[in-house]
Amino acid sequence: MIGVFDSGIGGVSVLREIVKLIPKGHFIYYSDSVNNPYGDKTYEEVYSIVKGIVNYFLERECVAIVIACNTASAICVKRLRSEYPNTLFIAIEPTYKMVHDYNPLGKTLVMATKGTLKSEKFLALYHKYDNGKTILLPCSGLADLIEDGNDVKIRRYLEDNIKQYRGINNVVLGCTHYPLIKDNIKEVLGNVKFFDGSIGVSKELVRQLKLRNIAYQFEELKIIFYDSSDDIKKKERFNQLMRN
Ligand code: DGL
């Protein structure tokens, strides 16, 4: 089993890409909607929540853990790797370097949680590749709206918070919930180029599994879904998003 988690169903944007590369994999998806949002919590709070999820996966003998959450990756992965040296952690991060490689002179909007944007990990990346034309936008509350799937509120949020950046070329989706509303963002910003880390993470997962000779393809695809709030609607939404 490969464990994949996020602070809710947002990480489905990552799992969908993983399944394209591992179509007969066995996965447990842990949707921690009880603790959503991670982005506004302290580092200690997020780390202690994440440790609980890691232990849940280890009790189920997961061979790898994918942190399908930019916030949890930014805050926790270094500490997790030192505390659990025998566990394979694959972490996502905002693809800011990719923007630089693709369009070094372009104007970029980085949308992410407050936790990600102020993390040491992200700031190191930002300072390395910043071209002076980047806006860092903490999108407090947006992941919650996506979690609830309320289209009217999502549209209103985007009108109020990102419309002023119309004319921008690149948009970094630095939270795994945001790829789920690409169409809404395009409605507000026009034809922008999106960047998100899900493909990179999926390739890295496969690379690491091969490197360690871990079996990861079986007879058929199996996905176990668990939501920490036990809300039945989460499972329905997850299944619907996996089919999209
Ligand atoms: N999906 C999470 C991420 O990628 C953020 C949502 C939250 O704030 O919990 O950062």
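In each ligand, atom 1 is the first atom listed, and ligand 1 is the first ligand listed.
A donor-acceptor contact shorter than 3.5 Å is absent between the side chain of Glu147 and the backbone of Gly8.
The backbone and the side chain of Pro37 each have at least one atom closer than 4.0 Å to an atom of ligand 1 (non-hydrogen atoms only). Under 4.0 angstrom from ligand 1, the non-hydrogen atoms of Thr113 all belong to its side chain. Contacts with ligand 1 closer than 4.0 Å are made by side-chain heavy atoms of Asp6 only, the backbone lying farther away.
Note that Arg60 lies in the cation-pi zone of Tyr56, set by a 6.0 Å cut-off to the ring centre and a 45° limit from the axis. Cation-pi check for Lys118 over Phe122 is not met; the charged atom does not lie both under 6.0 angstrom from the ring centroid and within 45 degrees of its normal.
Residue Ser7 places a heavy atom less than 4.0 Å from ligand 1.
Atom numbering of ligand 1 starts at 1 in the shown order; those under 4.0 Å from a heavy atom of Asn36 are 9 (O). Of all atoms in ligand 1, listed by their number and element, those nearer than 4.0 Å to a heavy atom of Gly39 are 7 (C), 8 (O), 9 (O). Which parts of ligand 1 touch Ala143 is read off a 4.0 Å heavy-atom cut-off, strictly below it: atoms 6 (C). Remark: ligand 1 atoms within the under-4.0 Å shell around heavy atoms of Thr71 are 3 (C), 5 (C), 10 (O). For ligand 1, the atoms closer than 4.0 angstrom to any heavy atom of Cys175 are 1 (N), 2 (C), 3 (C), 4 (O), 5 (C), 6 (C), 10 (O).
The structure places OH of Tyr178 at 5.0 Å from CG of Leu142, a figure rounded to the nearest 0.5 Å.
In this pair, Tyr96 and Tyr129 present their aromatic rings perpendicular. The plane angle is above 60°, beyond the 30 to 60° band. Aromatic ring pairs are classed by plane angle as parallel below 30°, tilted from 30° to 60° and perpendicular above 60°; the pair Phe225 and Tyr29 is parallel.
Looking only at atom types and distance, the side chain of Ser13 has no donor-acceptor partner in the side chain of Ser198 under 3.5 Å away.
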